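In what follows, a structure is listed as C-alpha cells, so that the remarks can point back to it.
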Protein chains: 2
Amino acid sequence: MGTVQSVDRALQILEILARDGERGVTEIAGQLDVHKSTVSRLIDSLAERDLVEQNESRGKYRLGVGILRLAGATTARLDVVQEARSLSRSLAAATGETVNLAVLSEGAALYVDQVEATSAVQSHNWVGQRIPLHATSNGKVLLAGMSDDEVRAVLAGELPAYTTRTVTDVGEVVAQLAGVRHDGYVVVVDELEHGLSAVAAPVRNIHGDVIASMSVSGPTFRFTAELVDRAGAELVRCALEVSRRLGWRDLT
Amino acid sequence: MGTVQSVDRALQILEILARDGERGVTEIAGQLDVHKSTVSRLIDSLAERDLVEQNESRGKYRLGVGILRLAGATTARLDVVQEARSLSRSLAAATGETVNLAVLSEGAALYVDQVEATSAVQSHNWVGQRIPLHATSNGKVLLAGMSDDEVRAVLAGELPAYTTRTVTDVGEVVAQLAGVRHDGYVVVVDELEHGLSAVAAPVRNIHGDVIASMSVSGPTFRFTAELVDRAGAELVRCALEVSRRLGWRDLT
DNA sequence: GCAAGTAGTTGCATAATAAGCAACAACTAG
DNA sequence: CTAGTTGTTGCTTATTATGCAACTACTTGC
C-alpha cells in the first residue's frame, strides 16, 4: 500500500521537534531536503490544530499542546492502562515507590503510565519517554516476551553503557532473559542510572503474549533484599491481576 | 498563509479517532467527504509512525502509542510543567490530595500534569483531558485571566449542567470571576461531579498573563473549611513560586 | 546608524502527487 | 451458499503541493 508524501513530511516535522525541542523553518527544510516554503505550509497545517507552536513571532517552532489532547485520548483508550490503574496505585502505596507501565514501541520501552508514592524520591515523569530495553527492568521483561532471535534482531548494534553496571554484551542479556522467563520478574540495579533500581514483571494479553511490563522503581539504597522480596511478590501479583483482567488465564 | 489539504485531512482523522475511539475507513471517509481509498492512504502514513493502529486485520482503526512519544516530548518541554513539578509533588504530599496543572486550549481546560498523594481517593488520570471551564476551579481561574468580553465569547451558548450545583448562567459565572481575580484563588464544590471539590490558583508568565492554573482537588467530604484554608494558602504560595520561576514579578 | 545577511512568509506557475475509480480479496450477515 | 460490505491497490488524471522569486522583518557586524 502507499502512503501520502506530504503527510509523511508533516509527521517527520513532528518527530524532529520531539527529538530536538525546537527548530526553525530553514533548519527543518534542510533536514527534510525540501524548500523552506514547503515546511512553512506544512507547519501551518500542524499549527492550526495546536500540534506545533511558534516561540515568538517569526521564531522557532516546537511541539504544541494539541499533542497532549490526542495523547489523553490515547491513554484513556489503552486497555492496559485502564485496567492497571487502580492496581498501580495500590502498589505504589504499598511499596512507597514509583510504579510504571511500559509497552514495546520501536525497539524501546515506551512508558505509558506512572504512579508515584508521595514518599518517592524522584519526580521525573517517565510517561511518553522511550527508554532503552537492555538497561532497564521493564525493558528486560519486554525482551523476555520475545524469542532469542527476535531479541538479537532488536538489540542489533553496540549496546550503550549508561553506567559501569550496564550489561552491554548481547549474549549476556539473552542469558539473563532466560532467568526472567523462569522467575517471572527481574531486578535491575544501577544499569540505567547509578542509584536507580527497579523490579518488573510482565503483563499478558488473552493469548499470553507480553504486551506491557509493570515495574516498581526507586533509589538503590532503599532497594534492600527485603524490599525486593516484598515488592517483587506484590508486583507479580498485581501484574497477574492486570493480565487476568485482560483475559489471560494461567492454567498451571 | 496556506495550509496543506492532505495534512489537514490526516489530522482530522486523528481528531475523529480521539473523539470516537475507533472508526473504520468507510466511516471516516463519510465524515471527511472523501473517497475511502483516500482515507486508506492517509491512515497508512499515520500508521507507519504508530499514530494510529488497526484493531485487527481489516478492522477498525484507533489512535496508537506513537502519540504518547510525541506527548512525552511535549510535556518534557513545557516550561510550566517542568517548573511546577516539584512544587506539585510537595503540595500533594502536604495536602494528601491530587494536584493538577491545566492550560487553556480551544475553549476548555487541558490538563497537562497531575500528581496524586497516595492517600488520594480518585485514580482518574486527567492529563490530556479537556474539561469544561465553567464547572471547574481550574477553568474559572483560566477564565479569570481573560476580560469579561473574552469570557462571554468563550462561554457562548448554553452551559451544560453536570450536577445540580453547576453554575450555568453566564452572568453568574462572570460575577464569580470578579471574586476569583480579587481573592487570587477559587473554590468549586460539586459542580463537575457530585462529591468532587477543588481549589485553584493562577500561574502567570513574565508578563503577568495567566498561562496555567494549578489546583488541589479531592472528595467534598474531605474539603472542610480548615482544609480549604490550609490547602488554599499553600496552593497560592506554590502557584506564585511557579510564576516567579517563569519570570513573573509581583511588585505589590 | 546603516548595510548586508538571514529567516519566515506568500503569490504564482507548473511539476508532481493525491485522489477517485474500478476491481479485487476478505469478511460478515442472512 | 449468496449477497452485501469493508478495506486495499493499480492506474489515470484532476488537483494540489511544491519550488521559485520577491517580499517583510529581524539580526549581526562594522
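All values reported here derive from a predicted model rather than from experimental measurement. Chain letters run A, B, ... following the sequence lines, proteins first, then strands; residues in each count from 1. Hydrogens, waters and symmetry mates play no part in the numbers below; they use all other heavy atoms, side chains included.
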Practice item. Pick base, sugar-phosphate or nothing for B:R9, based on heavy-atom distances below 4.0 Å to the nucleic acid. Key: sugar-phosphate
Check your understanding: If you draw a 6.0 Å radius around OH in B:Y111, do more than 12 non-hydrogen atoms from other residues or ligands fall strictly inside?
Key -> yes
Check your understanding: Within the structure shown, what part of the strands sits under 4.0 Å from B:Q54 by heavy-atom distance: base, sugar-phosphate, or nothing?
Key -> sugar-phosphate
Point to revise | Side-chain N or O of A:T26 closer than 4.0 Å to phosphate OP1/OP2 of C:dT6 | key: no
**Study point:** Distance test, side-chain N/O of A:Y61 to OP1/OP2 of C:dT9, below 4.0 Å
**Key:** yes
Review point. Can you tell me how far P of C:dG8 sits from CG of A:N55, to the nearest Å?
Key: 11 Å
Every protein N/O lying under 3.5 Å from an N/O of nucleotides 11-13 of chain D:
none

**Study point:** Length of the CG-P vector between A:L42 and D:dT16, whole Å
**Key:** 16 Å
Review point. Hey, what do you get for CG (B:L240) to CG (B:L235), rounding to the nearest 0.5 Å?
Key: 9.5 Å
Review point. Quick one: is D:dT9 close enough that its OP1 or OP2 comes under 4.0 Å of any side-chain N or O from B:S40?
Key: no
Exercise for review: Between B:D33 and A:V25, name the one whose nearest nucleotide on DNA chain C is closer to the 5' end.
Suggested key: A:V25
**Study point:** Passing option when A:K60 is tested against A:E53, A:E27, A:E22 for salt bridge (charged side-chain N to carboxylate O under 4.0 Å, His left out)
**Key:** A:E27
Exercise for review: Return the value, rounded to whole Å, for the distance between atom NZ of A:K60 and atom C1' of C:dG8.
Suggested key: 12 Å
Exercise for review: Using a strict cut-off of less than 4.0 Å between a Lys/Arg side-chain nitrogen and an Asp/Glu carboxylate oxygen, indicate whether B:R41 and A:D8 qualify as a salt bridge.
Suggested key: no
Point to revise | Rounded distance (Å) that lies between atom C1' of C:dG5 and atom NZ of A:K36 | key: 11 Å
Practice item. Would you state whether a donor and an acceptor, one from the side chain of A:S37 and one from the base of D:dG19, lie under 3.5 Å apart? Key: yes
Practice item. May I have the distance from A:D8 (atom CG) to D:dT18 (atom P), rounded to whole angstrom? Key: 11 Å
Review point. Between C:dA13 atom P and A:H35 atom NE2, what is the distance in whole Å?
Key: 17 Å
**Study point:** Polar side chain donor-acceptor pair, B:R69 to A:S105, under 3.5 angstrom
**Key:** yes
Check your understanding: Can you tell me how far C1' of D:dG7 sits from CD1 of B:I43, to the nearest Å?
Key -> 10 Å
Check your understanding: Ignoring hydrogens and geometry, is there a side-chain-to-backbone donor-acceptor pair from A:H182 to A:L177 under 3.5 Å?
Key -> no
Point to revise | Atom pair distance, as rounded to whole Å: CD in A:Q31 and P in C:dA7 | key: 14 Å
Practice item. Could you pick out which residue, A:T38 or B:S6, lies toward the 5' side of DNA chain C when each is mapped onto its nearest nucleotide? Key: A:T38
Check your understanding: Do we see a donor-acceptor contact under 3.5 Å between the side chains of B:S147 and B:E150?
Key -> yes
